[in-house]
Asker: 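Below are the structure tokens for one structure; questions will follow.
Each ligand, and each atom within it, is numbered from 1 in the order the structure gives. Both backbone and side-chain heavy atoms feed into the values below; hydrogens, waters and symmetry mates do not.
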Amino acid sequence: MFRVLVILFLSMVAHGFEPLIQNISGRQTTSLNGIWNYIVDPYENGFYNYRYIPFDSAGDPSKSGGYFANRKPTHAADRVEYDFDLSERIKVPGDWNSQKEKLFYYEGTIWYKKSFDYSRLKDGNRIFIHFGAVNYQADVYLNGHKLGVHKGGFTPFNFEITDLLKESDNFLVVKVDNTRKKDEVPTVNTDWWNFGGLTRDVQVIEVPGTFVQDYFIQLAKNSQRKITGYVQLNGAEKANQNVELIIPGLKIRKKLKTDDQGRVDIDISSRRIKHWSPENPLLYDVTLKTTSDKITDRIGFRSISTRGQDIFLNGKSIFLKGICIHEENPIRGGRAYSMEDSKLLLGWAKELGCNYVRLAHYPHNDNMVKLADEMGIMVWEENPVYWTISWENESTYQTAQQQLREVISRDKNRASVIIWSMANETPVSQPRMDFLIGLREFALSMDDTRLISAALEMQGEGPGGLTRKISDPFAEYVDVLAFNQYIGWYDGLPEKCEQINWAIEQDKPVIVSEFGGGALQGHHGDSLTIWTEEFQEYLYRESVEMLVRIPQLRGTTPWILSDFHSPRRVLPGIQDGWNRKGLIGETGTKKKAFYVMQDFYKDI
Ligand code: GCB
């Protein structure tokens, strides 16, 4: 606990960004999306001087060569060797790789600039700037002043700009660096495209001087009736304030009072609650009102728990009919970010017969989770602790924990989210155990209402290694045991599936978090010719038959909904930079294996 608090404090001080504001779409916002100017800067010429000292640490920025100063020549002989306004333009949100052919493979620094005017609605209001996500490191400057640095490509962050904002000619400059580094999270080695840029919305938020900064409103753990959580105010008048919690659909109007820290706990019961479920994804209007602020959200109430080998939603045992999804719109071939993208991806999942999705391998944009709430699709959210993280590096741990904090903070009121996943396919060692146990404790300290899991690996025993079990010691720390397996693809041919015996000893529900193999959509042949749709279809048939023999099987998420870009996949004519394990190809056409899964889910 002490470690958690110290790290929380250190990471906030070190980076300068503020505690996250809850529910951005429920606020007064002004979008900074649209066209921005950008400068490609592989040598970081706009950041370091010729002695390799950062300009932003070397005196007055307006006299420096730092691009964040957005300088213009002031007289005829004034030498300024850059000009944002004459530089190329790019769309925000959006990754740079899929927008500009010449940036397709680019990894490094790009500077973004947007100029804007802003009229405050009311004197005394406070203004923040909010980024949905920037991959990977963002150094943010407003009107030449550094607001702070944020690391982590898939989670939101915000800065207060109340005292820096002007009525006109503001310039926001963001240095975005997506260089992969060994000690970062994720690390250098992944199986997805390292899409760089301002990949999600950028917004200005205006709030009253004292405002509802955060709230957590969900059913208490193991309860079907008790609503618990808290409200946190921010501002000079946050202490001893009246807060009213209003849920008209439940006839709840509850008056609360904040403590000295501006916080008040919620604890109310209602017999009227109709539970959120895939069959009835009911969301209640929930309003929080203070003397100065008012915010409304749409929140579903459901319970999620496990006992023995079962997963219970609202007290009923369920099977998670799922699919893994990367945050990529294959048809556009770039990072997904919009509600339209979410409709495409979750629409396909629904068509497949899913009641559940695994959002791999990092937090996706919040449209996905909001839409899942509306559509009644349960969600596994994952921290990008993937493969070979620097387990022994304290700052790596801090970055992993900070990203976990940001996604839990953002999505803790979404009924659809049922599982926080700590990691994917990480190799067993003591430092890794300490790392993951630390993350698990941290997640539970923020939210004990959801289940904890991680995608683990399995081990083979007995003759030919055909008996499969989970011997990873982290299995003890998860609520739901999940593992990835590629029998019939990386491990033998599809016919091997029928020889496998399961000997999973843990008395826990099991989700097979990945299985599958590659096929090029439209490429046909017999079922033993690799890369054909027929091979993939055969592999899926054999896999499904093998997996249903796991006695404690309570869910499956095949790898993966649609083909996605990966620089690891270079086979000409087949892969061409795409991981072809999608059930849907890059044009949006379904492959044969899609229908194998669809039939399987129909029968459950
Ligand atoms: C895995 C990884 C996933 C890869 C997949 C593959 O086990 O978890 O990120 O993309 O295998 O296609 O090999």
Asker: The test is side chain to side chain donor-acceptor pair (under 3.5 Å); show your working for Gln218 and Arg450 and say whether it passes.
Answerer: CA-CA 10 Å; Gln218 288 281 280; Arg450 291 178 173 82; 3.0 Å; yes
Asker: Are Glu586 and Arg580 within salt-bridge range, i.e. N to O under 4.0 Å?
Answerer: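 Yes, Glu586 and Arg580 are salt-bridged.
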Asker: As a test of understanding, state which of Leu346, Val357, Thr557 forms a side chain to side chain contact (heavy atoms under 4.5 Å, CB included) with Ile323.
Answerer: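 Result for side chain to side chain contact (heavy atoms under 4.5 Å, CB included) with Ile323: Val357.
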Asker: When the aromatic ring centroids of His364 and His326 are compared, is their separation below 6.0 Å?
Answerer: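 That pair fails the under 6.0 Å test.
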Asker: Taking Asp366 first and then Arg200, would you say they form a salt bridge - that is, a charged N and a carboxylate O separated by under 4.0 Å?
Answerer: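 No, Asp366 and Arg200 are not salt-bridged.
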Asker: Any carboxylate oxygen within less than 4.0 angstrom of a Lys/Arg side-chain nitrogen, looking at Arg432 and Asp472?
Answerer: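 Yes, Arg432 and Asp472 are salt-bridged.
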Asker: Residue by residue, ordered by chain and number, which ones reach under 4.0 Å of ligand 1 with a heavy atom?
Answerer: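 Heavy-atom contacts below 4.0 Å: Asp191, His361, Tyr386, Asn424, Glu425, Asn484, Tyr486, Tyr490, Glu514, Trp559, Phe564, Arg569, Asn579, Lys581.
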